[in-house]
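We use all heavy atoms of the structure for the numbers below, so side chains are in, but hydrogens, waters and symmetry mates are not.
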Amino acid sequence: MRSPQALLAPLLEWHGRVRDAVVAATERQAVDALAVVDRDGEGDTIYAIDVISETVIEHLATALGREHSLVLVAEGLPGGYRCVPEGIDESTAAWRMIVDPIDGTRGLMYQKRSAWILTGVAPNRGPSTSLRDIVLAVQTEIPLVKQHLTDQLWAVRGGGVEAVRLNRLTGEQVPLRLRPSTAGSIAHGFSTVARFFPGARDVLGEVDEAIVRGALGAQPEGKALCFEDQYASTGGQLYELIAGHDRFIADLRPLTIATLVERGLARPLTCHPYDICCALIAEESGVIVTDPSGHALDAPLSVDADVAWVGYANQKIRALMEPLLQQELRARGWIAIDQHERHD
């Protein structure tokens, strides 16, 4: 097996191309044009702004196919994947690469918040290849038009995190040191249970309220003990944990499916493996990423699997928040495993 380091340079270059292409498009086009629905994909709605980034996937396949064999997994590809170079058998590819060209489309197309380009690379084990197999991850910020600084992070398993900050105006790129919070409490910090979309906001809000009360006690009159940030980008959420901005994030949307079915509502839009494929970067930075039961996070590298995940800035935050979260989830029947049976 060749080193994943050989894939790093072309991936960084491709991420830069996507970032620049999307920023250029948002500078040229009106918000209403970028927000037009192009089509419904297997895992998510594809907006006009998504199509801009998809056009450079062909460049990625061409560039990597000259020296590497891989299975490229991404929304918009027929069946959700493509073998590179063209014509090779899936079982003979050395790598399996999952890509999200724009994670955080909704915030970016309305110029509210940065989006992220996400890529995870794993040795190919066929369809059973999973998040735990990822050995290289790269995530690159797609900034707002009015924003001149943009960050790029990457990690090779066991090698820690590297990051740079680019000044788009001058072209200067400088090393960036990002550190998760070392706080032992969520008090006066950001703690979020994700509830971006309609359907189960009420029950997710109840979970949030219960665990915050358990962690901080009663809310003093006229004061706020902690805050939340509904950043509708999984890559962006991971960045906030890595950068020390957030202390606890739980995305439990897949656990609400039964509740929504009981209400006669459609299944929710959830986190998919391509959204969380850069969890390796968070883990290499010291952030703890688990499933809701406390196990190491895992899911197949596909475009349609539902993924529920929890991120803790450090072990102290995990020790505080995980028992409260799991108690609430068990009470609702959302998880069955007992915390003490956890085996990471």
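- Listed by chain and residue number, Tyr239 satisfy the ring pair (Phe, Tyr, Trp, His ring centres under 6.0 Å) test with Trp116 (two or more places apart in sequence, or in another chain).
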Tabulate below the donor-acceptor pairs under 3.5 Å that side-chain atoms of residues 196-204 make, not counting sequence neighbours, or state none.
from   : atom 1 : to     : atom 2 : distance (Å)
Arg201 : NE     : Phe197 : O      : 3.4
Arg201 : NH2    : Phe196 : O      : 2.8
Asp202 : OD1    : Arg263 : NH1    : 3.0
Asp202 : OD1    : Arg263 : NH2    : 3.4
Asp202 : OD2    : Arg263 : NH1    : 3.4
Asp202 : OD2    : Arg263 : NH2    : 2.8

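- Proximity of Thr140 to Val18: side-chain heavy atoms (C-beta onward) are nowhere separated by under 4.5 Å.
- No side-chain heavy atom of Asp298 sits under 4.5 Å from any side-chain heavy atom of Asp291.
- Taken from CD in Gln327 to CD1 in Ile335, the straight-line distance is 10.5 Å, to the nearest 0.5 Å.
- The two atoms that bring Val307 and Thr270 nearest to each other are N-OG1, 4.4 Å, heavy atoms only.
- Taking both residues in full, the closest heavy atoms of Ala218 and Leu225 are given as O-CD1, 3.8 Å, listed atom of the first, atom of the second, then distance.
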Should Val99 and Val73 be marked as a side chain to side chain contact (heavy atoms under 4.5 Å, CB included) after you check the CA-CA gap, both sets of side-chain angles, and the distance that decides it?
CA-CA 6 Å; Val99 174; Val73 180; over 6 Å; no
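- Ion pair Arg213/Glu328 not flagged as a salt bridge, since none of the NZ, NE, NH1 or NH2 atoms sits closer than 4.0 Å to an Asp/Glu carboxylate oxygen.
- With sequence neighbours left out, the ring pair (Phe, Tyr, Trp, His ring centres under 6.0 Å) criterion links Tyr231 to no other residue.
- In this structure the side chain of Leu325 reaches within 4.5 angstrom of the side chain of Val207, judged on heavy atoms.
- Rounding to the nearest 0.5 Å places CG of Leu241 at 10.5 Å from NE2 of His245.
- Distance alone, capped at 3.5 Å, is enough to place a donor-acceptor pair between the Ser69 side chain and the Ala94 backbone.
- Looking only at distances, a side-chain donor or acceptor of Glu284 sits under 3.5 Å from a matching main-chain atom of Gly158.
- Nearest heavy-atom pair, Ile117 versus Pro101, reported as atom, atom and distance to 0.1 Å: CG1-O, 3.3 Å.
- Separating the SG atom in Cys277 from the CD atom in Gln139 is a distance of 8.5 Å, to the nearest 0.5 Å.
- Closest heavy-atom contact between Val289 and Ala282: CG2-CB, 4.2 Å.
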Show me the donor-acceptor pairs, under 3.5 Å and distance only, between side chains in residues 161-173 and residues at least two apart or in other chains.
from   : atom 1 : to     : atom 2 : distance (Å)
Arg165 : NE     : Asp151 : OD1    : 2.6
Arg165 : NH2    : Asp151 : OD2    : 2.9
Asn167 : OD1    : Leu169 : N      : 2.8
Asn167 : OD1    : Thr170 : N      : 3.2
Arg168 : NE     : Gln147 : O      : 3.2
Arg168 : NH2    : Val145 : O      : 3.2
Arg168 : NH2    : Gln147 : O      : 2.9
Thr170 : OG1    : Glu172 : N      : 3.2

Any chance you could lay out the side chain to side chain contact (heavy atoms under 4.5 Å, CB included) test for Leu8 and Leu136, step after step, and finish with the verdict?
CA-CA 8 Å; Leu8 179 58; Leu136 168 65; 4.0 Å; yes
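- Counting only heavy atoms from C-beta outward, the side chains of Trp14 and Ile57 approach each other to under 4.5 Å.
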Evaluation steps, side chain to side chain contact (heavy atoms under 4.5 Å, CB included), between Thr290 and Arg318:
CA-CA 10 Å; Thr290 74; Arg318 181 182 188 180; 3.8 Å; yes
Going through the distances and angles, do Gln237 and Thr234 end up as a side chain to side chain contact (heavy atoms under 4.5 Å, CB included)?
CA-CA 5 Å; Gln237 290 178 312; Thr234 302; 4.2 Å; yes
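- Residues Val303 and His272 are not in side-chain contact: their nearest non-hydrogen atoms beyond the backbone lie 4.5 Å or more apart.
- Considering only heavy atoms from C-beta on, Thr256 stays 4.5 Å or farther from Leu252 through its side chain.
- The minimum heavy-atom distance linking Pro273 with Leu131 is given by the pair O-CD2, 4.0 Å.
- Side-chain contacts under 4.5 Å among hydrophobic residues (ILVMFWY), followed directly or transitively, place Ile88 with no other residue at all.
- By the side-chain hydrogen bond (donor to acceptor under 3.5 Å, both in side chains) test, Arg195 pairs with Asp208, Glu228, sequence neighbours left out.
- Note that the CZ atom of Arg17 and the NE2 atom of His59 stand 3.5 Å from one another [nearest 0.5 Å].
- Between Asp133 and Arg96 there is no salt bridge, since no side-chain nitrogen of the basic residue lies less than 4.0 Å from a carboxylate oxygen of the acidic one.
- Between the side chain of His188 and the main chain of Cys226, no donor-acceptor pair closer than 3.5 Å is present.
- Judged by distance alone, with hydrogens and angles left aside, the side-chain atoms of Asn124 form no donor-acceptor pair with the main-chain N or O of Leu70 at under 3.5 Å.
- With sequence neighbours left out, the side-chain hydrogen bond (donor to acceptor under 3.5 Å, both in side chains) criterion links Asp275 to no other residue.
- Proximity of a side-chain donor or acceptor of Asp229 to a complementary backbone N or O of Thr192 within less than 3.5 Å is not detected.
- Residue pairs meeting the ring pair (Phe, Tyr, Trp, His ring centres under 6.0 Å) criterion with at least one partner in residues 305-325, sequence neighbours excluded, are Phe248-Tyr312.
- Rounding to the nearest 0.5 angstrom, the gap separating the CZ atom in Arg253 from the CG atom in Asp306 is 9.5 Å.
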Between Asp103 and Ser233, does the side chain to side chain donor-acceptor pair (under 3.5 Å) criterion hold? Intermediate values first, please.
CA-CA 6 Å; Asp103 176 43; Ser233 162; 3.0 Å; yes
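- Hydrophobic cluster of Phe227: the remaining members, joined at side-chain heavy-atom separations below 4.5 Å, are Phe190, listed by chain and number.
- Met321 and Ala215 make their closest contact through SD-CB, 3.7 Å (heavy atoms, listed as atom of the first residue, atom of the second, distance).
- When hydrophobic residues (I, L, V, M, F, W, Y) are linked wherever their side-chain heavy atoms come within less than 4.5 Å, the members clustered with Leu260 are Leu265.
- No donor-acceptor pair closer than 3.5 Å links the side chain of Glu322 to the backbone N or O of Ala319.
- Between Thr259 and Arg332 the shortest side-chain heavy-atom distance does not fall below 4.5 Å.
- Inter-residue side-chain proximity for Leu72 and Leu64 is flagged as unmet; no heavy-atom pair is nearer than 4.5 Å.
- Arg247 contributes a side-chain N or O that, together with a main-chain N or O of Ser185, makes up a donor-acceptor pair within less than 3.5 Å.
- Under the side-chain contact (heavy atoms from CB on, under 4.5 Å) criterion, Ala258 pairs with no residue, sequence neighbours left out.
- Clustering of Ile, Leu, Val, Met, Phe, Trp and Tyr by side-chain heavy atoms under 4.5 Å joins Val261 with Ile257.
- Looking at Arg113, its side chain never comes within 3.5 Å of a backbone N or O of Gly104 through a donor-acceptor pair.
- Proximity of a side-chain donor or acceptor of Gln219 to a complementary backbone N or O of Lys223 within less than 3.5 Å is detected.
- Put simply, the side chain of Arg19 never gets that close to the backbone of Pro143: no donor and acceptor are under 3.5 Å apart.
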